[in-house]
Amino acid sequence: MKKQLVLMDHDGGVDDYLATMLLLTMDHIQLLGVVVTPADCYAQPAVNATRKILDLMGSFHIPVAESTVRGINPFPRLYRRDSFIVDHLPILNQRETIRTPLIAEPGQDFMIQVLREATEPVTLMVTGPLTTVATALDKAPDIEAKIQKIVWMGGALNVSGNVEKSLEAGQDGSAEWNVYWDPISAARVWETQIEIIICPLDLTNTVPVTSEIVYKMGRQRHYPVSDLAGQCYALVIPQDYYFWDVLATAYLGHPEFYQLREWETEIVPTGISQGRTKIVSGGRKIKAMATVDKERFYSYILQQWAR
């Protein structure tokens, strides 16, 4: 079977590492590389943790690159510190050296190189802001033709955003963080002709990380990948935590679990609704994951991490 070419672009949150781990278990996927966008993380520990995860999973042939882009609205420090915690988990530090290569050039340049050298169009799996993608497109407009589609965890269509009004002055609460970090770049990607499939908060709000599913990971912790996933989720279980990036990434494994709906949208770049993914008549057509078979999804991730 011919493998689907994928380039991962994540931003170093707990669920970003888990989404990367899930992607690595998909036999029909050829992962060309991982770009770390420094948004919901601190860059160095996020890059280190990503490389250590690739080592753990025997995928040390896959290169990692650190993007040097910057956003407009920083993630809270409390969110970003998780990158240090994951980087220090014992299961990721059983060896003194990291085998997975770190690319010397910036992640946005690495993205351009990978797309230009690919023998066929590439799917971009993006679980952080779209800033690295937008920057690469600005530097090399020719790569648009090499992007088959973008699958993105981002946006909130018919529900409230997760950018809290109480924490972000001048915000009306309609924005989702991956858009809000850099709405200008999201709007730039919206200007392209690339197929965009989003996993919005509308869907992720219905698929929580529950104690039951984390306990199940614990019962299969003799598998190193389940052990790591369970440790990561144990860090965040006291919070309202959802399968954001993992749910979006699982679409590449089993699109039949999902139903998509087309919407006409725009990204609000400024003002109190900055970062809102707004439904507007005549707007940019995108597809959104509208429903998912939750039981099949939960079973799938447990099965994939049993290795």
Side-chain angles (χ1 to χ4, degrees), residues 10-23 25 39-41 75-76 78-83 85-86 89 125-128 151-167 173-180 197-221 225-261 277 288-306:
H10 77 66
D11 71 331
V14 170
D15 51 334
D16 293 272
Y17 305 120
L18 294 159
T20 304
M21 289 160 55
L22 181 61
L23 194 58
T25 69
D40 190 13
C41 67
F75 273 83
L78 187 62
Y79 297 3
R80 298 164 69 197
R81 73 175 186 179
D82 286 342
S83 54
I85 296 172
V86 175
L89 290 175
M125 183 66 239
V126 184
T127 58
V151 178
W152 184 38
M153 193 280 115
L157 298 172
N158 294 295
V159 298
S160 298
N162 56 6
V163 177
E164 298 179 38
K165 291 186 287 185
S166 59
L167 299 179
S174 64
E176 183 275 326
W177 263 108
N178 282 344
V179 193
Y180 182 65
I197 301 173
I198 70 169
C199 184
L201 295 184
D202 308 53
L203 183 60
T204 62
N205 286 351
T206 70
V207 189
V209 176
T210 64
S211 292
E212 180 184 5
I213 193 77
V214 178
Y215 291 149
K216 286 181 179 179
M217 291 175 201
R219 288 193 286 273
Q220 58 184 42
R221 72 174 294 247
V225 178
S226 277
D227 191 18
L228 177 56
Q231 288 183 37
C232 286
Y233 282 129
L235 296 173
V236 296
I237 198 69
Q239 310 166 32
D240 288 331
Y241 211 84
Y242 299 88
F243 280 99
W244 294 293
D245 299 342
V246 173
L247 185 63
T249 303
Y251 175 80
L252 294 183
H254 282 281
E256 72 276 11
F257 291 177
Y258 300 76
Q259 288 187 337
L260 303 183
R261 179 172 176 180
T277 309
M289 300 177 202
T291 65
V292 64
D293 187 324
K294 287 196 284 188
E295 293 310 312
R296 293 174 78 187
F297 165 74
Y298 286 136
S299 295
Y300 173 61
I301 60 172
L302 285 171
Q303 166 198 307
Q304 293 303 100
W305 287 338

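Throughout, residue positions are numbered sequentially from 1 according to the sequence presented.
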Given Tyr298 and Phe243, is the ring pair (Phe, Tyr, Trp, His ring centres under 6.0 Å) satisfied, shown in steps?
CA-CA 10 Å; Tyr298 286 136; Phe243 280 99; 5.7 Å; yes
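- A donor-acceptor contact shorter than 3.5 Å links the side chain of Gln220 to the backbone of Leu302.
- Counting only heavy atoms from C-beta outward, the side chains of Trp152 and Asn178 approach each other to under 4.5 Å.
- Val163 is not listed as a side-chain neighbour of Phe75, based on a closest heavy-atom distance of 4.5 Å or more.
- Within 6.0 Å of CD on Gln303 lie more than 12 heavy atoms contributed by other residues, nucleotides or ligands.
- Considering every non-hydrogen atom in both Ala234 and Pro238, the closest pair reads O-CD, 4.1 Å.
- Closest of all the heavy-atom pairs between Gly253 and Tyr300 is CA-OH, 3.6 Å.
- No donor-acceptor distance shorter than 3.5 angstrom exists from the side chain of Arg221 to the backbone of Asp227, with no hydrogens or angles considered.
- Here the CD1-CD distance, from Ile198 to Glu176, works out to 9.0 Å after rounding to the nearest 0.5 Å.
- Between Arg296 atom CZ and Phe257 atom CZ the span is 4.5 Å, to the nearest 0.5 Å.
- Rounding to the nearest 0.5 Å gives a distance of 9.5 Å between CD of Glu256 and CG of Asp293.
- Remark: Cys199 SG to Tyr251 OH distance equals 11.0 Å, nearest 0.5 Å.
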Derivation of the side chain to side chain contact (heavy atoms under 4.5 Å, CB included) call for Asp82 and Leu235:
CA-CA 8 Å; Asp82 286 342; Leu235 296 173; 5.7 Å; no
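- By the side chain to side chain donor-acceptor pair (under 3.5 Å) test, Gln239 is found to be paired with no residue, residues two or more places apart in sequence or in another chain being considered.
- Here the closest heavy-atom approach between residue Ser226 and residue Ala306 is recorded as OG-N, 3.9 Å.
- To the nearest 0.5 Å, atom CE of residue Met217 and atom OH of residue Tyr233 are 5.5 Å apart.
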Let me have the donor-acceptor pairs involving side chains of residues 201-215, under 3.5 Å, with sequence neighbours excluded, atom names and distances please.
{"residue": "Asp202", "atom": "OD1", "partner": "Leu157", "partner atom": "N", "Å": "2.9"}
{"residue": "Asp202", "atom": "OD2", "partner": "Asn158", "partner atom": "N", "Å": "2.7"}
{"residue": "Asn205", "atom": "ND2", "partner": "Leu201", "partner atom": "O", "Å": "3.2"}
{"residue": "Thr206", "atom": "OG1", "partner": "Leu203", "partner atom": "O", "Å": "2.6"}
{"residue": "Thr210", "atom": "OG1", "partner": "Ile213", "partner atom": "N", "Å": "3.2"}

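- For the atom pair CE (Met289) and CE (Met153), the distance works out to 9.5 Å, reported to the nearest 0.5 Å.
- Shown here are the salt bridge (charged side-chain N to carboxylate O under 4.0 Å, His left out) partners of Arg81, two or more places apart in sequence or in another chain: there are none.
- You'll find the side chain of Leu228 reaches within 4.5 Å of the side chain of Leu89, heavy atoms only.
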Which atom pairs, donor and acceptor, lie under 3.5 Å between side-chain atoms of residues 12-23 and protein residues at least two apart or in another chain?
{"residue": "Asp15", "atom": "OD1", "partner": "Tyr241", "partner atom": "OH", "Å": "3.4"}
{"residue": "Asp15", "atom": "OD2", "partner": "Asp245", "partner atom": "N", "Å": "3.4"}
{"residue": "Asp16", "atom": "OD1", "partner": "Asp11", "partner atom": "N", "Å": "3.2"}
{"residue": "Asp16", "atom": "OD1", "partner": "Thr127", "partner atom": "OG1", "Å": "2.7"}
{"residue": "Asp16", "atom": "OD2", "partner": "Gly13", "partner atom": "N", "Å": "2.8"}
{"residue": "Tyr17", "atom": "OH", "partner": "Gly12", "partner atom": "O", "Å": "3.0"}
{"residue": "Thr20", "atom": "OG1", "partner": "Asp16", "partner atom": "O", "Å": "2.9"}

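- Listed by chain and number, the residues in a side-chain contact (heavy atoms from CB on, under 4.5 Å) with Pro76 are Tyr79, Trp177 (sequence neighbours excluded).
- Residues Leu247 and Phe297 form a side-chain contact, since some pair of their non-hydrogen atoms from C-beta on lies under 4.5 Å apart.
- By the ring-ring contact (aromatic ring centres under 6.0 Å, His included) test, Trp305 pairs with no residue at all, sequence neighbours left out.
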